[in-house]
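Source: prediction; values computed, not measured. Quick note: numbers below take in every heavy atom, side chains included, and nothing from hydrogens, waters or symmetry partners.
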Amino acid sequence: GIPDQPDSSDVVINEVLFDAPDGVSDFVECYNRSGRVIDMKDFMIVETDVTGRTMMSTPKVLTQEHFLLFPGRYVVFTEDDRALLSFFPHSDHRVVIRSDDLPDLNASEGGVILFAPDGSVMDQMCYQSAWHYPLLADDKGVTLERIDADAAGTVSGTWHSAASVVGYGTPGLPNSQTPVQAALGGELQLRY
């Protein structure tokens, strides 16, 4: 494929591990929701406060290598790819990229902004540990997955804890909590 210049919101933040267990690094997964091939080389990320208005550091380059992100595909950035792949059995090792300078995300609340190489904002997400499924006994090591790639990443209703049946995370794969859109046929009758 030949990469195109990304437009705003072509690539979105799709899954985040911000409270990693000991021995595992945080990760950020991106998803190409456009119909174009996007080169992820020199994309940047920065950690923010929970309001998304204050950057906690300077933006960090995710990778200096060319990585073509095809339409409908995922890429995962983490500081320790081996530990991540070992901890999450439902992951795609081919799209996990070691990023030596990934921000250390706050374990209780914060935000992330994704920038294109030209410095334009591609996507922004905020998170709080309270956004996890309320019946979880412990949310350490549980990712937040985006349930709609077209919804705003800064509101709680866009995010849900990954399912237990997939090990609480799906790095590089479709999210476990993505709702299925299906057309229903037939009739509905109400009787009283």
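Proximity of L136 to V142: side-chain heavy atoms (C-beta onward) are separated by under 4.5 Å at one or more points. With a 4.5 Å cut-off on side-chain heavy atoms, E145 and S176 count as touching. The side-chain heavy atoms of D26 and T78, taken from C-beta on, include no pair separated by under 4.5 Å. In this structure, N106 and M56 have side chains that are not in contact, with every pair of non-hydrogen atoms separated by 4.5 Å or more. At least one side-chain heavy atom of V11 sits under 4.5 Å from a side-chain heavy atom of M40. Side chains of Y168 and S161 form no contact here, defined as non-hydrogen atoms less than 4.5 Å apart. Between L68 and I38 there is no side-chain heavy-atom pair separated by less than 4.5 Å. Considering only heavy atoms from C-beta on, V112 comes within 4.5 Å of L105 through its side chain.
Just one of D123, N14, D150 meets the side-chain hydrogen bond (donor to acceptor under 3.5 Å, both in side chains) condition when paired with R33; it is D150. Under the ring pair (Phe, Tyr, Trp, His ring centres under 6.0 Å) test applied with F27, the options F77, F88, Y74 reduce to a single match, F88.
There is a path of hydrophobic side-chain contacts, each under 4.5 Å, that joins I45 to V95. There is a path of hydrophobic side-chain contacts, each under 4.5 Å, that joins V61 to M55. Both I13 and F43 belong to a common hydrophobic cluster when Ile, Leu, Val, Met, Phe, Trp and Tyr are linked at side-chain heavy-atom distances under 4.5 angstrom. If you chain together hydrophobic residues whose side chains sit under 4.5 Å apart, V76 and M125 never meet in one group. Under the 4.5 Å side-chain heavy-atom criterion for ILVMFWY residues, no single connected hydrophobic cluster contains both V12 and L62.
Within the model, atoms CG of L114 and OG of S120 stand 9.5 Å from one another, a figure rounded to the nearest 0.5 Å. The distance from atom CG of L69 to atom NZ of K41, rounded to the nearest 0.5 Å, is 16.0 Å. The structure places CD of Q5 at 6.5 Å from CG of D118, a figure rounded to the nearest 0.5 Å. With rounding to the nearest 0.5 Å, the separation of CD1 in I97 from CG in D81 is 10.0 Å. In this structure, the separation between CG on L144 and SG on C126 is 12.0 Å, given to the nearest 0.5 Å.
Side-chain N/O atoms of S99 and E79 include no donor and acceptor closer than 3.5 Å. Side chains of Q124 and T154: no donor on one and acceptor on the other come within 3.5 Å.
Here D100 pairs with R98 in a salt bridge; the nearest charged N to carboxylate O distance falls below 4.0 Å. With respect to K140 and D138, no salt bridge is recorded, no charged nitrogen being found less than 4.0 Å from a carboxylate O.
Nearest heavy atoms, F87 versus G141: CE2-O, 3.7 Å. Annotation for S25 and A20: closest pair C-CB, 3.8 Å, computed over non-hydrogen atoms. Heavy atoms only, all atoms of each residue included: T158 and A152 are closest at OG1-O, 2.5 Å. When all heavy atoms are compared, the tightest approach of P6 to A116 is CG-CB, 4.1 Å.
Ring geometry for Y127 versus F18: interplanar angle under 30°, hence parallel rather than tilted (30 to 60°).
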Quick one, R94 with D92, criterion salt bridge (Lys or Arg N to Asp or Glu O under 4.0 Å). Give me CA distance, side-chain angles, the key distance, then yes/no.
CA-CA 5 Å; R94 298 168 298 174; D92 184 349; 2.9 Å; yes
Given the rule in the side chain to side chain contact (heavy atoms under 4.5 Å, CB included) test, do V46 and K60 qualify, once you have shown the distances and angles that lead to the verdict?
CA-CA 6 Å; V46 68; K60 312 283 186 188; over 6 Å; no
Trace of the side chain to side chain donor-acceptor pair (under 3.5 Å) decision for S108 with Q128:
CA-CA 6 Å; S108 60; Q128 297 179 26; over 6 Å; no
Between H160 and Y133, is the side chain to side chain contact (heavy atoms under 4.5 Å, CB included) condition met? List the steps.
CA-CA 7 Å; H160 198 285; Y133 184 62; 4.0 Å; yes
Please evaluate residues R73 and N32 with respect to the criterion side chain to side chain contact (heavy atoms under 4.5 Å, CB included), reporting the C-alpha separation (whole Å), side-chain torsions for both, the decisive distance (0.1 Å), and the verdict.
CA-CA 6 Å; R73 298 296 188 170; N32 183 352; 5.5 Å; no
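Using modelled atom types, one side-chain atom of D39 and one backbone atom of F67 make a donor-acceptor pair closer than 3.5 Å. The backbone N or O of G153 lies less than 3.5 Å from a partner atom in the side chain of W159, making a donor-acceptor pair. Panel note: side chain S91, backbone T170; no donor-acceptor pair is recorded below 3.5 Å. Using a distance-only test at 3.5 Å, with no hydrogens or angles considered, a donor-acceptor pair links the side chain of D49 to the main chain of G52. Checked by atom type and distance alone, the side chain of N175 pairs as donor or acceptor with a backbone atom of R146 at under 3.5 Å.
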